[in-house]
Trainee: 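Have a look at the structure that comes next, please.
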Amino acid sequence: ESKMSAPRQNCLIVLSSAKEGVSAASFIQAFTLTHTTFTVQLATPGGKAVDYVNQDDNSRRWLNDFRTKAFSMPISLDAIEPNRYSALLIPCAPGAISDLANSPQLAIIINNFVAEKKPICAIGLGVSALCCARKDGGDWSLKDYSLTSTSVFELARSVDFANLQIIPEDFIKDNGGTYSCSKPDCVHVVIDQHIITGQNEQSTLTSVQNLILLCNQRQGKK
């Protein structure tokens with residue numbers, strides 16, 4: 001019975017507001033799963049609107065309905081108090097390389113989560129958002145962790161490949177992390193302590209399910 005009365009945990013979903021956008025499919029899966037378990041808050045740099053990319057008819061309908069709800073409006077990253085959240089989720093987002101990967105506000109949030117060992121889940125190009133977090137000495141906050149992200153093979157198929165400011169696979173290796181990947185478009189999820197990363201959009205479901213499991217375990221220990 002005590003389980004029933006446990007308050008809902010808060011999950012922060014951080015989205016890119018860059019023109020390259022956020023994967024519609026990855027966001028919808030991530031939001032649908034977390035919304036049933038957590039109180040979800042969306043946030044973007046400056047609270048700007050999100051472009052959901054690669055929509056099909058189903059996702060377009062879902063997003064049209066979603067946009068009528070108050071909780072669809074993101075707030076600004078600098079308004080976020082990290083202590084209020086139990087989980088951080090960054091869905092697959094091509095735009096993350098442009099805005100989240102160098103966001104000082106997001107760095108504060110990620111550093112709080114790393115220090116407190118609270119669950120972080122990032123998927124596909126959303127993993128590039130983690131690149132912003134540095135320790136005081138300048139080291140990357142996630143060095144010594146094992147991670148995955150969109151592989152160079154997967155990225156090389158995109159027309160923008162030559163112009164990407166960050167290749168997550170290279171960044172992870174160059175900054176002291178351990179990188180692994182599977183074949184292109186296959187589900188591959190890496191869990192290292194409280195950090196969950198998914199290789200691509202196809203890994204969204206499994207990544208987010210593991211985030212929920214980790215949060216439930218953590219709450220059970222309290």
Side-chain angles (χ1 to χ4, degrees), residues 8-16 20-43 50-67 69 71-72 74 85-97 100 113 118-130 145-151 153-155 157-158 168-169 172 179-220:
R8 275 166 90 93
Q9 300 183 77
N10 295 322
C11 175
L12 177 63
I13 300 185
V14 173
L15 302 170
S16 168
E20 298 84 2
V22 172
S23 154
S26 183
F27 171 72
I28 291 170
Q29 282 190 326
F31 183 85
T32 307
L33 275 172
T34 49
H35 187 55
T36 55
T37 311
F38 301 98
T39 301
V40 176
Q41 176 65 61
L42 306 185
V50 179
D51 274 326
Y52 295 104
V53 295
N54 305 329
Q55 296 182 29
D56 58 16
D57 288 343
N58 285 339
S59 57
R60 196 168 290 114
R61 273 197 296 275
W62 189 95
L63 286 162
N64 285 341
D65 178 56
F66 174 70
R67 286 195 181 97
K69 313 268 202 302
F71 52 64
S72 72
Y85 298 91
S86 315
L88 172 62
L89 173 55
I90 306 163
C92 190
I97 290 179
L100 298 179
F113 269 74
K118 295 189 289 192
I120 297 174
C121 175
I123 300 153
L125 284 174
V127 176
S128 62
L130 304 177
Y145 283 93
S146 298
L147 305 143
T148 185
S149 177
T150 313
S151 67
F153 284 119
E154 288 168 316
L155 280 181
R157 301 179 299 195
S158 86
E169 177 176 337
I172 292 165
Y179 177 84
S180 71
C181 65
S182 180
K183 295 173 189 151
D185 307 322
C186 288
V187 173
H188 180 65
V189 176
V190 175
I191 304 167
D192 187 349
Q193 301 169 68
H194 59 111
I195 309 286
I196 302 160
T197 47
Q199 180 176 325
N200 45 34
E201 192 178 273
Q202 291 83 348
S203 306
T204 302
L205 194 65
T206 311
S207 301
V208 178
Q209 284 170 331
N210 278 289
L211 176 69
I212 293 168
L213 284 172
L214 267 186
C215 288
N216 288 343
Q217 281 175 346
R218 202 181 144 89
Q219 196 174 34

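Given the structure is predicted, the values throughout are model-derived calculations rather than measurements.
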Trainee: Answer yes or no: is there a donor N or O on one side and an acceptor on the other, between the side chain of S86 and the main chain of Q9, under 3.5 Å?
Mentor: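 No; zero donor-acceptor contacts below 3.5 Å.
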Trainee: As a test of understanding, state which of H188, E154, K183 forms a side chain to side chain donor-acceptor pair (under 3.5 Å) with Q199.
Mentor: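 Among H188, E154, K183, the one meeting side chain to side chain donor-acceptor pair (under 3.5 Å) with Q199 is E154.
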Trainee: Which residue, L125, I90, I123, forms the side chain to side chain contact (heavy atoms under 4.5 Å, CB included) with S26?
Mentor: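 So the option named by the test is I123.
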Trainee: Could you go through D185 and R157, starting from their C-alpha distance and side-chain angles, then the distance that decides it, and tell me whether this counts as salt bridge (Lys or Arg N to Asp or Glu O under 4.0 Å)?
Mentor: CA-CA 12 Å; D185 307 322; R157 301 179 299 195; 2.9 Å; yes
Trainee: Is the backbone of K118 close enough, under 3.5 Å, to the side chain of H194 for a donor and an acceptor to pair up by distance?
Mentor: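 A pair under 3.5 Å: yes.
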Trainee: Under the side chain to side chain contact (heavy atoms under 4.5 Å, CB included) rule, what do R60 and Y52 come out as? Steps first, then yes or no, please.
Mentor: CA-CA 9 Å; R60 196 168 290 114; Y52 295 104; over 6 Å; no
Trainee: With side chain to side chain contact (heavy atoms under 4.5 Å, CB included) as the test, would you mind laying out the steps for F27 and W62 before giving the verdict?
Mentor: CA-CA 11 Å; F27 171 72; W62 189 95; 3.9 Å; yes
Trainee: Can you find a heavy atom in the side chain of L89 that is under 4.5 Å from one in the side chain of L12?
Mentor: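 Answer no - side chains too far apart.
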Trainee: Determine whether a donor-acceptor pair (N or O, by modelled atom type, separation under 3.5 Å) exists between the side chain of T32 and the backbone of Q29.
Mentor: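 Side chain of T32 to backbone of Q29: no pair is present.
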Trainee: Once rounded to the nearest 0.5 Å, what's the spacing between atom OG of S207 and atom CD1 of I196?
Mentor: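 Reported value, rounded in 0.5 Å steps: 7.5 Å.
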Trainee: Do V208 and T34 have side chains that approach each other closer than 4.5 Å (heavy atoms only, starting at C-beta)?
Mentor: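 When only atoms from C-beta onward are counted, T34 and V208 do touch, with a gap below 4.5 Å.
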Trainee: What's the spacing between T197 OG1 and I120 CD1 if we round to 0.5 Å?
Mentor: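 The OG1 atom of T197 sits 10.5 Å away from the CD1 atom of I120.
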Trainee: Within the 4.5 Å heavy-atom criterion, are L15 and P74 side-chain neighbours or not?
Mentor: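 Result no, sub-4.5 Å side-chain heavy-atom pair not found.
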Trainee: Taking the six-membered ring for Trp, are F66 and F31 parallel (under 30°), tilted (30 to 60°) or perpendicular (over 60°)?
Mentor: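 F66 vs F31 ring planes: perpendicular.
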Trainee: Can you see which heavy atom on S180 is nearest to which on T148, and at what distance?
Mentor: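 In this case the closest contact between S180 and T148 is O-OG1, 2.7 Å.
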Trainee: Any chance you could lay out the side chain to side chain donor-acceptor pair (under 3.5 Å) test for E201 and S23, step after step, and finish with the verdict?
Mentor: CA-CA 8 Å; E201 192 178 273; S23 154; 2.5 Å; yes
Trainee: How long is the gap from CD on Q209 to CD1 on I212, to the nearest 0.5 Å?
Mentor: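 Going from CD on Q209 over to CD1 on I212, the span is 7.0 Å.
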Trainee: Can you find a pair of side-chain heavy atoms, one from L147 and one from Y179, that are under 4.5 Å apart?
Mentor: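 Not touching, per the 4.5 Å side-chain cut-off.
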Trainee: Apply side chain to side chain donor-acceptor pair (under 3.5 Å) to the pair R61 and N64, showing each step before the final yes or no.
Mentor: CA-CA 5 Å; R61 273 197 296 275; N64 285 341; over 6 Å; no
Trainee: Between S59 and D56, is a side chain to side chain donor-acceptor pair (under 3.5 Å) present by the stated rule, with each step listed?
Mentor: CA-CA 5 Å; S59 57; D56 58 16; 2.9 Å; yes
Trainee: For a 4.5 angstrom cut-off between non-hydrogen side-chain atoms, does C181 reach F153?
Mentor: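 SC-SC contact between C181 and F153 ruled out.
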Trainee: Contact between R8 and T37 at the side-chain level, heavy atoms closer than 4.5 Å - yes or no?
Mentor: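 R8 does not reach T37 side chain to side chain.
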Trainee: Report the C-alpha separation of L63 and Q55 in whole Å, then their side-chain angles, then the decisive distance to 0.1 Å, and conclude whether the side chain to side chain contact (heavy atoms under 4.5 Å, CB included) test is met.
Mentor: CA-CA 9 Å; L63 286 162; Q55 296 182 29; 3.6 Å; yes
Trainee: Tell me if a side-chain donor or acceptor on S203 pairs with a main-chain N or O of G198 at a distance below 3.5 Å.
Mentor: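 Absent.
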Trainee: Would L33 and L211 satisfy side chain to side chain contact (heavy atoms under 4.5 Å, CB included), going step by step from the backbone distance to the final call?
Mentor: CA-CA 10 Å; L33 275 172; L211 176 69; over 6 Å; no
Trainee: Are N210 and T206 packed together at the side-chain level, in the sense that at least one heavy-atom pair is separated by less than 4.5 angstrom?
Mentor: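 In contact.
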Trainee: Within the 4.5 Å heavy-atom criterion, are P91 and I13 side-chain neighbours or not?
Mentor: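 Yes, close enough: below the 4.5 Å cut-off.
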Trainee: Is it the case that the side chain of N200 and the backbone of C186 share a donor-acceptor pair, with hydrogens and angles ignored and the cut-off at 3.5 Å?
Mentor: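 Yes, because the side chain of N200 sits within donor-acceptor range (under 3.5 Å) of the backbone of C186.
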Trainee: Looking at every non-hydrogen atom in both residues, tell me the closest pair between D192 and S146 and how far apart they are.
Mentor: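 The answer is OD2-N, 2.8 Å.
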Trainee: Could you pull out the closest heavy-atom pair between C92 and V22, with the gap in Å?
Mentor: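 Heavy-atom minimum between the residues: O-CG1, 3.7 Å.
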Trainee: Would a distance-only check, ignoring hydrogens and angles, find a side-chain to backbone donor-acceptor pair under 3.5 Å from S16 to G21?
Mentor: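 No, the answer is negative, given that no donor and acceptor are paired below the 3.5 Å cut-off.
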